[in-house]
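Whatever order the structure lists ligands and atoms in, that order sets their numbers, starting from 1. Along the sequence shown, residues are numbered consecutively beginning with 1.
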Amino acid sequence: MRRPLVAGNWKMNGSSAMADDLTAAVTAAAPPAVEVLLCPPAPYLARVAAALAGSAVALGAQDCSEHAPGAYTGEVAGAMLRDCGCSHTLVGHSERRQFFGDTDARVAAKVARAQADGLVAVLCVGETLEERRAGRTEEAVGRQLDAVLALPDTGAVLDALVVAYEPVWAIGTGETATPGQAQAVHAWIRARVAERDAARAAALRILYGGSVKPDNAAELFAMADIDGGLIGGAALKADSFLAICAAAAATAA
Ligand code: 13P
């Protein structure tokens, strides 16, 4: 049985006050059956880490440099994220791929670097609307996934990996993949990983992201290969985020 994971990606939103309020509310009510992860913007990581001390809620960054510490102005190294209390980092979010030049090769390098620094990498994959309409969803997701599966020692990579399927057309649009659409891609991802390592594929958590809300979370999380969610807009308010966590907890009961 895979333990559900619900991650809140705040994206470039928030303030110190919001970080304090949201973290306090989430730690007070996060259901123990679910692994809960908060991914605030980098300037708030240390603050949120302090507020999470002693709680089971985990801390993740939204991105991680592919470089070791050194002369890379503006970048944040995985070692620094660990030092600030992160256990996870998102890698390859579609907004990074779309606006900040994260190619498949760079995303794979980031996964390798993050894992070498002791972080669990939450690898985001997903097709654009054009790719879906052209029937190229599997090709797009496969390309993104294969770049990471091609890293040396696939077994070790999979041991510190979570995959988040986020169809680009469903992010922030209010348009959600139907449970059936999402399940089909999740099952395809798991089968693709199983070609390399069946046991680790069975244990791999695959999250769905893209307009997950309290009113659609339960039907998505009920799908056999959907192991939780990567939540954007609904993670900015404690009540909606906790309601999504509760929906995930219900599947673990
Ligand atoms: P929304 O939940 O706002 O669609 O964002 C999804 C996402 O990109 C999470 O990483």
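A single hydrophobic cluster is seen to contain both L22 and I244, as judged by linkage of ILVMFWY side chains at heavy-atom distances under 4.5 Å, directly or through other members. Residues V148 and V120 fall into different hydrophobic clusters, defined by Ile, Leu, Val, Met, Phe, Trp and Tyr side chains chained together at heavy-atom separations under 4.5 Å.
Under a 4.0 Å criterion applied to the non-hydrogen atoms of L230, ligand 1 contributes the atoms 9 (C), 10 (O). Ligand 1 places these atoms under 4.0 Å from at least one heavy atom of G210: 4 (O), 6 (C). For ligand 1, the atoms sitting less than 4.0 Å from at least one non-hydrogen atom of S211 are 1 (P), 2 (O), 4 (O), numbered in the order shown with element in parentheses. Of all atoms in ligand 1, listed by their number and element, those nearer than 4.0 Å to a heavy atom of G233 are 1 (P), 2 (O), 3 (O).
For atom 2 (O) of ligand 1, the nearest protein heavy atom (residue, atom name, distance) is G232 N, 2.9 Å. In this structure, atom 5 (O) of ligand 1 lies nearest to the protein heavy atom K11 NZ, 3.2 Å.
Among residue pairs with one or both ends in residues 8-61, none qualify as ring pair (Phe, Tyr, Trp, His ring centres under 6.0 Å); sequence neighbours excluded.
In this structure, K213 falls outside the shell of residues with a heavy atom less than 4.0 angstrom from ligand 1. In this structure, G172 has a heavy atom closer than 4.0 Å to ligand 1. Contact between A170 and ligand 1 is present, with at least one heavy atom of the residue lying under 4.0 Å from the ligand.
Within a 6.0 Å radius of NZ in K11, more than 12 heavy atoms belonging to other residues, nucleotides or ligands are found.
Of the N and O atoms on the side chains of D225 and Q183, at least one donor lies less than 3.5 Å from an acceptor on the other residue. Using a 3.5 Å distance cut-off with no hydrogens or angles, the side chains of Q62 and H93 do not pair a donor with an acceptor.
Of the listed options Q62, H93, E166, E166 places a heavy atom closest to atom 6 (C) of ligand 1.
Annotation: E95 places no N or O atom under 3.5 Å from an N or O atom of ligand 1; distance criterion only.
Contacts of A235 with ligand 1, taken as heavy-atom pairs under 4.0 Å, are absent altogether. With a 4.0 Å heavy-atom cut-off, ligand 1 is reached by the side chain of N9 but not by its N, CA, C or O.
At least one side-chain heavy atom of T27 sits less than 4.5 Å from a side-chain heavy atom of L52.
Legend: residues meeting salt bridge (Lys or Arg N to Asp or Glu O under 4.0 Å) with E127, ordered by chain and number and at least two apart, are R132.
Look at D227 and R3 and you find no salt bridge, because none of the NZ, NE, NH1 or NH2 atoms lies under 4.0 Å from a carboxylate O.
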